[in-house]
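Worksheet: the structure to be examined is printed underneath.
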Amino acid sequence: MSTPKIAFIGAGSVVFTQGLLADLFAFPELKDAHIALHDIDAERLGTAEAAARHIAAERGARPRITAHADRREALAGADFVINIVQVGMGEATRTDFEIPARYGLRQTIGDTLGVGGIFRALRTFPLLKALGEDIAAVCPDAWLLNYTNPMAMNVQYLTEATGLTRVVGLCHSVYWTMRDLSDLLGVPFEEVTYRAAGVNHQAWVLRFERDGEDLYPRLDALIAGDEQLRRRVRVDMYRRLGYYPTETSEHSSEYVPWYLGHDSEIERLRLPIGAYLDIVDENVATYEKTRDALAAGAPLQVEGTMEYAPQIIHSITTGTPRTIYGNVPNHGLIENLPARGTVEVPCLVDAMGVQPTRAGELPPQLAALNRAYLSMNDLVVRAALEDDPRHIRHAAMMDPATAGALPVERIWQLCDDMVAAHADRLQPGLRANLG
């Protein structure tokens with residue numbers, strides 16, 4: 001595979017596409033790759049193509065760059081498919097926040113669990129099914145590298161609904177958590193060894209060492225002497241559960257019933273309600289700035305992102321061995337989590353592909369939280385696979401933060417309102433109002 005073809009689905013997510021391309025072109029072996037860009041938005045697709053050509057020139061790369069309004073054209077013969085689609089874009093995300101807020105339900109990010117995560121998944125599933133069918137038809141041996149959230153739900157749906165087996169979900173949370181912890185302790189990241197496992201956005205740092213020394217006691221001492229550190233959700237969870245979570249406090253607060261339902265906890269832990277809406281606005285502004293700069297021929301500064309997809313592509317293409325963290329079907333990788341669920345574990349990558357490693361059993365308190373997460377995920381996937389709108393409500397009922405904030409009748413009413421708002425993006429069988 002000397003010149004791989006890499007298809008970007010949702011390439012109009014221009015800022016993310018730029019970072020991935022900068023990483024890809026940093027590898028000499030990938031400088032002449034075929035980059036096939038696809039998006040349904042013609043303006044964004046044109047901006048993505050212009051950005052790709054600019055980055056290639058800046059990096060001294062000579063790729064073949066093609067842009068396609070037709071998805072199958074972009075996928076035909078691809079070796080790797082990077083999915084970065086966000087169905088509904090900012091408009092749908094605002095709906096995910098505004099309607100639950102009218103019911104008194106608080107969210108910070110809304111892309112993984114909770115009502116926001118449920119409906120982001122349900123409007124993404126039809127796209128994933130069609131994408132899987134296209135891959136099976138025109139590039140059946142391709143690796144599908146998924147970045148689209150909700151990660152765990154999407155990977156489970158992809159594997160169960162499409163039968164694809166070369167699917168791995170990618171997220172940078174483990175990597176950046178370990179970078180941040182190393183910086184916090186003043187330890188060079190390159191000297192740290194670690195092992196994490198769990199589920200996406202709720203995995204756990206099981207080992208954290210330097211030269212054989214357990215670094216957790218040093219972290220404990222730092223937290224004990226710093227009141228501001230103790231005002232973070234993930235630090236609060238670590239102190240109570242014994243293992244550091246691999247996602248930000250804003251994310252972590254949404255996956256448990258302990259924080260967002262209580263004014264005192266929101267103040268104590270400085271939780272920004274609706275924070276993701278600001279990110280949506282920032283992303284739009286950054287895209288428009290990039291589009292205008294490219295159109296004017298102005299300089300465009302693009303930095304590498306250290307994302308996993310370019311590393312995977314390089315390892316499979318060249319045989320260079322690496323370890324990354326991937327989201328894959330469990331199949332016994334974590335023994336005390338459901339077999340059908342999607343888990344986040346270390347994966348070896350080389351010319352043979354992405355090979356997940358077995359993590360064994362999680363400590364029981366961690367497995368208990370992860371099982372609740374995966375049980376809710378499974379109900380959302382079952383809703384789509386079985387075309388059963390009741391399972392949407394069941395998922396919301398089982399979601400810890402939603403169940404901790406609303407009585408069951410209000411949960412069903414909220415789901416009815418969300419279904420009505422997103423109806424055009426849902427598969428027809430899920431559009432029923434159940435009253």
Give a yes or no on whether a salt bridge exists between E49 and R53, defined as a side-chain N under 4.0 angstrom from a carboxylate O. yes

Decide, yes or no, whether a salt bridge links D378 with R371 under the criterion of side-chain N to carboxylate O below 4.0 Å. no

For the atom pair OH (Y259) and CG (L269), what is the distance rounded to the nearest 0.5 Å? 6.5 Å

Y276 vs F97 aromatic rings, parallel, tilted or perpendicular, using cut-offs 30° and 60°? parallel

Let me confirm one number: the CZ-NE2 distance from F8 to H68, rounded to the nearest 0.5 Å. 12.5 Å

Return the set of residues passing ring pair (Phe, Tyr, Trp, His ring centres under 6.0 Å) with F125 (not counting sequence neighbours), or none when no residue passes. Y157

Sidechain N-carboxylate O distance under 4.0 Å for E209, R195: no

Decide, yes or no, whether a salt bridge links R44 with D39 under the criterion of side-chain N to carboxylate O below 4.0 Å. no

With rounding to the nearest 0.5 angstrom, report the CG to CZ distance, D387 to R431. 10.0 Å

Contacts of Y175 that satisfy ring pair (Phe, Tyr, Trp, His ring centres under 6.0 Å) - sequence neighbours left out: F189

Fit a plane to each ring of Y373 and Y255, take the angle between them on a 0 to 90° scale, and name the class: parallel (under 30°), tilted (30 to 60°) or perpendicular (over 60°). perpendicular

Residue list, side chain to side chain contact (heavy atoms under 4.5 Å, CB included) with H331, at least two apart or on another chain: P329

Taking atom types as modelled and ignoring hydrogens, do the side chains of T148 and N83 form a donor-acceptor contact shorter than 3.5 angstrom? yes

Looking at Y244 versus F208, is the centre-to-centre ring distance below 6.0 Å? no

